[in-house]
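Whatever order the structure lists them in is the order used to number ligands and atoms, beginning at 1.
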Amino acid sequence: MRKKIAILGSTGSIGQQTLEVIRKYSNEFEVVALSGWENTNFLKEQISFFKPKIAVVKDEDIAGKLKKNLNKQNNIEILWGTQGLINISTLEEADIIVVAITGIASLIPTFEAVKKGKKVALASKEAMVVAGELLVKEVKLRNAKILPIDSEHSAILQCLKNEQKDCVEKIILTASGGALYDLTETALKNISIEDALNHPTWKMGKKVTIDSATLMNKGLEVIEAKWFFNIPANKIEIVIHPQSYVHSMVQFVDGTILAQIGEHDMKIPIQYALFYPNRMINNFSRLELTKIGQLTFKKPNFKKFPCIKLAYQALEIGGTMPAVLNGANEITVNAFLNSKINFLAIPQIIQKTMKEHKPKPNPNISDILDADCWARERALSFCTNNK
Ligand code: MN3
């Protein structure tokens, strides 16, 4: 019996690579649902190849256009909006739900999938960042599973396999440092959008590339790691590793450090999540250690990249604060990409927004969405008055 998969965000970078993996293992997996939001041309190609039963797009208009574009024989059901995403993330027949949509939009479909006891392969950081505590509780309650597709968390999952939780001394998250790590503060202030988007090792979407340059990406990953692995923040350390071949490490109580090392290829963590806990043969390119020659590590500069500190703070305060951090970050990154604010204003505005927030402890989903909304409005007004 082939495993049935629904992919939320199939036209994005992770979605496409997930389909590449599935294509290589067509005896193992069957695609039952895809969501592609606005990119109907691309979605149409994916539909023709993988023949899912359901596709989800942004709204009714786009659904109509897609329907017209598709072959008449294709009796696919086309849904739209958040409800459409919920429908496929809770689809009765689906065994695995891959969530790879950007932003807070991933939250509700992920939560609903977990409530149905699904196995979720999660690429969208935001869901775990803003609602980690809730999601983890629900996973236990419903006997669901959430597996990381982020390369760092996949690495940690692999290092922790067959190990006892209480033997972990700390988690060491590696960070490439992004495009701008060695620049001075003055240079950072005047950095162009193009330079900030020029990531040295990973090819990714714009939002996560800017998050890498501010190091907020690593901050969000600290929060993710806390919930994925039930590890307190003071046992999660960040190390700058410019080559990005060591995807992360775990240090144990006897001083041993286990690392997961491999190519810069998201298909590896995607495949690991889909087949977990098994390993499968593939023909992806192999890392040749003698070609790399050396791996280097250094301490992160919290002063130059305050976003990391803000993320640790948000995690420590807890409640709705991580949602505020995330919401304000999305707004400021967007403002930077639209030339509304400079690079250094990103952490400044996030910090100001966090300072004004009165966090609510033990939030439910609607508290989290309210805090997210509030943070966006607040951060947006700071962006407008920034110049
Ligand atoms: Mn990552």
Glu330-Asn334 side chain donor-acceptor pair, cut-off 3.5 Å
no
Return the set of residues passing ring pair (Phe, Tyr, Trp, His ring centres under 6.0 Å) with His357 (not counting sequence neighbours), or none when no residue passes.
Trp374
With the Mn ion (ligand 1) as the reference point, give the N/O/S atom of Asp150 that is nearest.
OD1
Report the name of the N/O/S atom of Glu221 located nearest to the Mn ion (ligand 1).
OE2
Pair up each side-chain donor or acceptor in residues 296-305 with any protein partner under 3.5 Å, not counting sequence neighbours, and list the distances.
| unit_1 | atom_1 | unit_2 | atom_2 | d |
| --- | --- | --- | --- | --- |
| Thr296 | OG1 | Gln243 | OE1 | 3.4 |
| Thr296 | OG1 | Gln243 | NE2 | 2.9 |
| Asn301 | OD1 | Lys303 | N | 3.1 |
| Asn301 | OD1 | Lys304 | N | 2.9 |
| Lys304 | NZ | Tyr181 | O | 2.9 |
| Lys304 | NZ | Leu183 | O | 2.6 |

Would you kindly say whether Asn282 and Lys267 are connected by a side-chain donor-acceptor distance under 3.5 Å?
no
For the Mn ion (ligand 1), the nearest N/O/S atom on Glu152 is atom OE1
